[in-house]
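What you see is a predicted model, and the numbers here were worked out from it, not measured in a lab.
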Amino acid sequence: LRLSRLLWACNMAEARFKATLHGVEVEVTVNRHVIVTSPNVNLSIPTASVINVASSDNETIITQLLEDGGWLSGPGLKASKTVLGNVTASDVQLLRQRCGLSQEQQARHWLAVINPISGGGNAATAFQRQVLPMLLAAGVRVTSVLTTRVNEAMLIAELKSEQHRDVSGIICCGGDGLVAEVQNGNLDGRNVPIAVIPLGSDNSLAVTLSIETLLVATLTVIKGDPIAMDIMAMHEMEVSPTSPTTYRCGRRVGYAHTCIGWGFIGDILEDIGHHRWMGRSKAIFCAVKKGLSLKVTTHDGTCWLDNEQPSTASPCSQMQGLACSTCQSGQPTVPLLASNDVVDVSKWGRVPLTHFSALSFGTHVARSMSIPPEGRMWPNGHVNDGSLEVVGVGDVPWIRYVGIMTRIGLDGHSHIEQPGTYYRKGSRAILQRAPSDANAPFGVDGEVVHPHASAVLIQMHPGLARVMQLGNDQLDQVGAFDDAMVGCRQASNGLAIRLCGSLDVLWGWLTRPCHPKPGPVEHL
């Protein structure tokens with residue numbers, strides 16, 4: 001499979017053979033396209049869009065995946081078939097090789113876990129009508145299951161059922177919350193690769209990996225390869241009665257691919273739970289509603305950060321499907337903590353949190369469908385470098401607070417340069433909440449979590465998860481970066497963000513004598 005991908009990506013010398021199309025002799029040229037020509041025929045099929053090459057009864061059927069739909073019907077998929085005759089077995093094998101297809105891919109048995117309330121309640125319909133027929137056309141074996149209650153996806157993903165014994169991968173049909181729920185069961189079970197169909201409200205993990213359309217998502221299931229990704233584990237912790245810097249590990253709350261947030265994110269997610277009917281607009285609505293309240297909710301506590309250092313890494317090229325040297329360098333495996341394990345934080349960096357408004361821990365840059373392509377929470381994040389990215393916002397005026405939040409979507413980097421912000425990286429962190437804020441919720445990959453303990457540990461596990469992704473050449477051929485519907489959706493959501501960002505810039509200019517450019521911020 002690896003050799004096949006290398007030959008495909010390097011665009012080796014053209015291969016030619018004779019065949020027939022509708023009884024007429026044609027010449028077939030195979031490079032990065034399958035070009036069928038004759039005096040009256042000129043057909044070109046990008047190899048990246050070919051999902052199956054099947055041969056039977058002296059006919060070879062080339063199945064191509066295409067986008068379908070419009071402004072009223074919404075994005076969709078369709079399969080186009082080209083039937084060639086008189087193709088030799090060796091030429092069929094050549095076609096499959098150049099199109100990046102292998103027997104291993106068709107031998108996979110995927111379990112599709114669908115959250116029917118994701119994306120405003122349209123996830124199940126979108127998968128059944130659009131994605132599943134294309135997977136079956138590609139010859140992929142798929143078993144589908146709908147979740148009916150909270151945490152059911154976690155139990156399913158453990159793959160303990162007899163009917164799931166031969167499952168080799170899990171398709172998550174929903175948003176970030178479903179991905180996290182699946183991984184909580186998968187990592188405790190067989191840890192098979194997962195693929196993401198972005199049918200939720202935000203889909204940050206999918207968008208970070210350039211999986212923004214149904215076309216790319218479906219091709220990722222059929223032709224993608226698993227890449228190693230970091231994942232966070234969240235544990236409840238109890239402080240030792242004899243030492244304030246010694247903690248004992250309690251139960252594991254769960255895993256998170258994208259974000260564990262306290263303060264603003266937890267407050268917003270609690271409000272989002274009452275507006276799920278709004279679909280992908282609910283996050284923007286609740287954030288604007290929070291901003292218009294003209295007040296900033298603050299919290300108190302202490303954050304201990306192991307291996308604390310400034311986050312100054314270069315951007316991750318994995319976000320565009322390219323090989324990233326930082327992510328491919330590999331990090332040592334970190335064992336999972338067990339109950340009653342002791343953690344000493346006496347040598348960790350200590351960050352006092354006094355009247356802070358937001359603290360977020362993440363693994364990758366956290367792009368989103370709800371904001372423009374430039375927007376990102378952790379601009380220096382990598383998908384597999386073993387680093388925990390930490391962004392915090394201290395006690396700042398309301399207008400500055402709104403400005404920092406909107407700058408995340410405005411350009412994805414200037415928010416970390418604002419007065420009152422904190423941006424560091426480490427390998428693990430312990431957040432000790434003050435007694436007055438012990439009940440403040442956490443936001444874990446889009447879901448609200450209420451740990452029982454006042455302290456929690458966020459532990460980074462390098463490369464523990466495996467997620468399917470297409471290569472850069474494949475993404476370019478299928479037009480992943482030029483999808484008009486994605487651009488229009490992001491532009492409409494980004495209008496409000498840019499407006500708020502412009503007001504923040506104006507405020508900064510008016511108050512610049514009072515806000516000189518600060519040095520490095522060590523504490524909130």
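- The side-chain heavy atoms of Asp225 and Ile227, taken from C-beta on, include no pair separated by under 4.5 Å.
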Note to self: Between Leu155 and Arg149, is the side chain to side chain contact (heavy atoms under 4.5 Å, CB included) condition met? List the steps.
What the structure shows: CA-CA 11 Å; Leu155 300 176; Arg149 63 184 185 275; 4.2 Å; yes

Checklist line | Stepwise side-chain hydrogen bond (donor to acceptor under 3.5 Å, both in side chains) test for Ser168 and Arg108 | finding: CA-CA 6 Å; Ser168 54; Arg108 291 172 180 164; 5.7 Å; no

Item checked: Asp166 vs Arg141, salt bridge (Lys or Arg N to Asp or Glu O under 4.0 Å): CA-CA, chis, key distance, verdict -> CA-CA 11 Å; Asp166 63 340; Arg141 184 183 173 195; 2.7 Å; yes

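- Side chains of Ser80 and Gln64: no donor on one and acceptor on the other come within 3.5 Å.
- Between Asp188 and Arg252 there is a salt bridge, since at least one side-chain N of the basic residue sits less than 4.0 Å from a carboxylate O of the acidic one.
- Glu152 and Thr148 share a donor-acceptor pair across their side chains, judged by distance under 3.5 Å alone.
- The shortest non-hydrogen separation linking Gln128 to Pro133 is O-CD, 3.3 Å.
- His461 approaches Val334 most closely through the heavy-atom pair ND1-O, 3.1 Å.
- With a 4.5 Å cut-off on side-chain heavy atoms, Tyr255 and Val444 do not count as touching.
- A search for side chain to side chain donor-acceptor pair (under 3.5 Å) contacts involving Thr63 returns nothing, not counting sequence neighbours.
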Check: Going through the checks in order, is the side-chain hydrogen bond (donor to acceptor under 3.5 Å, both in side chains) test met by Gln183 and His257?
Finding: CA-CA 9 Å; Gln183 288 289 46; His257 256 301; 3.0 Å; yes

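- Considering every non-hydrogen atom in both Pro441 and Val448, the closest pair reads CB-CG1, 3.8 Å.
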